[in-house]
Amino acid sequence: MSLDLQVRAHVYDATMRGGAIPRIADVAAALGVPAEEIRESLGRLATGRVLVLQGDGEILMANPFSAVPTPFIVAAGGRLYYGNCIWDALGIAAMLRCDAVVDTSCGDCGTAARVEVRGGAVRGDGIMHFAIRARDWWKDIVFN
Amino acid sequence: MLFFRSEEHVDRWCASWHLGRGAVLSLETGWKLAEAWYGPDRRDPQWRRRTLEETEALFAELGFTSEFWSLR
């Protein structure tokens, strides 16, 4: 398996099992590969739109997961995760294939809201809004 | 993609950001999209990003046929 496939598999596996996206040093230690090679691999994965990186080269997004706190907190399988958006928050439940509770808030007024996924069905009092046209999603993936 | 209490709140948010209204999905439809998009295991070496044509087919399956969802 190529290094990029190993890195992708490890990043997702560590995130799904542990709740937090691993840092470059963690991936390097886990795979027994020099950190600089991991950094280069992450760069290639980001170019391929598999990951989004922070300015220092660490991972910002391994969609649907966020490495930094967001207003989309997902409790699932006894762990807490951050989703990048409401779509990704539901995506975490889909990726983990388990029930989940999403604690978020209204993007307009900030009122707290809870969305639940139970038994493969979603429940909640609200809607989702996609502001950016689909063809433009990757022009500013952080805003999107 | 944000969560809103209602369409009225979507319109207020769009106005405050000087953005036109985008696409509003029910949670049920959003969940179907999330399942289709994120269900495949990204740890699997065989996983790859969808092609443009595959994404278009998924959008069509979910009823996303307006210009907003066009990828071209």
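Just so it is clear: chains get the letters A, B, ... in the order the sequence lines come, proteins before strands, and each one is counted from 1. Just so you know, these numbers use all the heavy atoms, side chains as well, and skip hydrogens, waters and symmetry mates.
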CG/A:D108 to CG/B:L2 distance, rounded to the nearest 0.5 angstrom? 10.0 Å
CG of A:D56: more than 12 outside heavy atoms within 6.0 angstrom? yes
Would you compute the distance between atom CD1 of A:I127 and atom OG1 of B:T29 and round it to the nearest 0.5 angstrom? 11.5 Å
Begin with the C-alpha distance, continue with both residues' side-chain angles, and end with the deciding distance and a verdict on side-chain contact (heavy atoms from CB on, under 4.5 Å) for A:M128 and B:L27. CA-CA 7 Å; A:M128 298 162 60; B:L27 289 175; 3.9 Å; yes
Just checking A:R23: does its CZ atom have more than 12 heavy atoms from other residues, nucleotides or ligands closer to it than 6.0 angstrom? no
Carefully, step by step, assess A:R135 and B:S70 under the rule side chain to side chain donor-acceptor pair (under 3.5 Å). CA-CA 6 Å; A:R135 72 167 70 94; B:S70 171; 3.3 Å; yes
Side chain, backbone, both or neither: which part of B:V10 has a non-hydrogen atom closer than 4.5 Å to chain A? side chain
Look at A:A93, A:P64, A:S105 and state which one has the largest set of heavy-atom pairs under 4.5 Å with chain B. A:P64
Which atoms of A:V11 approach chain B - backbone, side chain, both or neither, heavy atom under 4.5 Å: neither
Cut-off 4.5 Å, heavy atoms of chain B, and the answer for A:V122 is both
For A:F130 and B:L33, run side-chain contact (heavy atoms from CB on, under 4.5 Å): C-alpha distance rounded to whole Å, both residues' side-chain angles, the deciding distance at 0.1 Å, then the answer. CA-CA 12 Å; A:F130 289 57; B:L33 175 62; 3.9 Å; yes
Can you hop from A:M16 to A:V7 via hydrophobic side chains spaced under 4.5 Å? yes
Sort A:A62 into side chain, backbone, both or neither according to what part of it lies under 4.5 angstrom from a heavy atom of chain B. neither
Could you tell me which of B:L71, B:L52, B:L25 has the largest number of non-hydrogen atom pairs under 4.5 Å with chain A? B:L25
How about residues 55-68 of chain B versus chain A: which residues have heavy atoms under 4.5 Å apart? B:F59, B:E67, B:F68
Heavy-atom pairs under 4.5 Å with chain A: which of B:G30, B:A23, B:A34 has the most? B:A23
B:D11 portion near chain A, given a 4.5 angstrom heavy-atom threshold: neither
Could you tell me which of A:C106, A:G48, A:A89 has the largest number of non-hydrogen atom pairs under 4.5 Å with chain B? A:C106
Side chain A:H129, main chain B:F4, donor-acceptor under 3.5 Å: no
Can you give me the closest heavy-atom contact between B:F3 and A:I86, atom names plus distance? N-CG2, 4.0 Å
For residues 72-80 of chain A, which side-chain donor-acceptor pairs fall under 3.5 Å, sequence neighbours excluded?
residue, atom, partner, partner atom, Å
A:R79, NE, A:R17, O, 2.4
A:R79, NH1, A:R17, O, 3.2
A:R79, NH2, A:R17, O, 2.9

State the CZ-CG distance between B:R42 and A:L51, to the nearest 0.5 angstrom. 9.0 Å
If Ile, Leu, Val, Met, Phe, Trp and Tyr residues are connected whenever their side-chain heavy atoms lie under 4.5 Å apart, and connections chain through other members, are B:V24 and A:W137 in the same group? yes
Of the backbone (N, CA, C, O) and the side chain (C-beta and beyond), which part of B:R21 lies under 4.5 Å from a heavy atom of chain A, both, or neither? both
Non-hydrogen atoms of chain A under 4.5 Å away: do they reach the side chain of B:W31, the backbone, both or neither? both
Should A:I21 and A:Y82 be regarded as members of a common hydrophobic cluster, given that ILVMFWY residues are connected when their side-chain heavy atoms come within less than 4.5 Å of each other, either directly or indirectly? no
Name each donor-acceptor pair under 3.5 Å that joins a side chain in residues 27-37 of chain A to protein atoms two or more places apart or in another chain, with its distance.
none

Look up atom CE in B:M1 and atom CG in A:L90, then write down how far apart they are to the nearest 0.5 Å. 12.0 Å
Whether A:R8 side chain and B:R43 backbone form a donor-acceptor pair below 3.5 Å: no
Count the heavy atoms belonging to other residues, nucleotides or ligands that lie under 6.0 Å from CZ of A:R114, then report whether that count exceeds 12. no
Treat each ILVMFWY residue as a node, draw an edge where side-chain heavy atoms are under 4.5 Å apart, and state whether A:I59 and A:V52 are in one component. yes
Non-hydrogen side-chain atoms of B:W47 and A:V50 separated by less than 4.5 Å: yes
Sort and list the pairs that fulfil side-chain hydrogen bond (donor to acceptor under 3.5 Å, both in side chains) and have at least one residue in residues 86-98 of chain A, not counting sequence neighbours. A:N63-A:D88, A:N84-A:D88, A:D88-B:Y38
Tell me, out of A:A113, A:G124, A:C109, who's got the most heavy-atom pairs with chain B below 4.5 Å. A:C109
Proximity breakdown for A:S2 and chain B, heavy-atom pairs closer than 4.5 Å: neither
Take A:T111 and B:R5 through the test side-chain contact (heavy atoms from CB on, under 4.5 Å) and record every step on the way to the result. CA-CA 8 Å; A:T111 298; B:R5 294 170 65 190; 3.4 Å; yes
Who wins among B:H9, B:K32, B:E28, B:E8 for the most heavy-atom pairs under 4.5 Å with chain A? B:H9
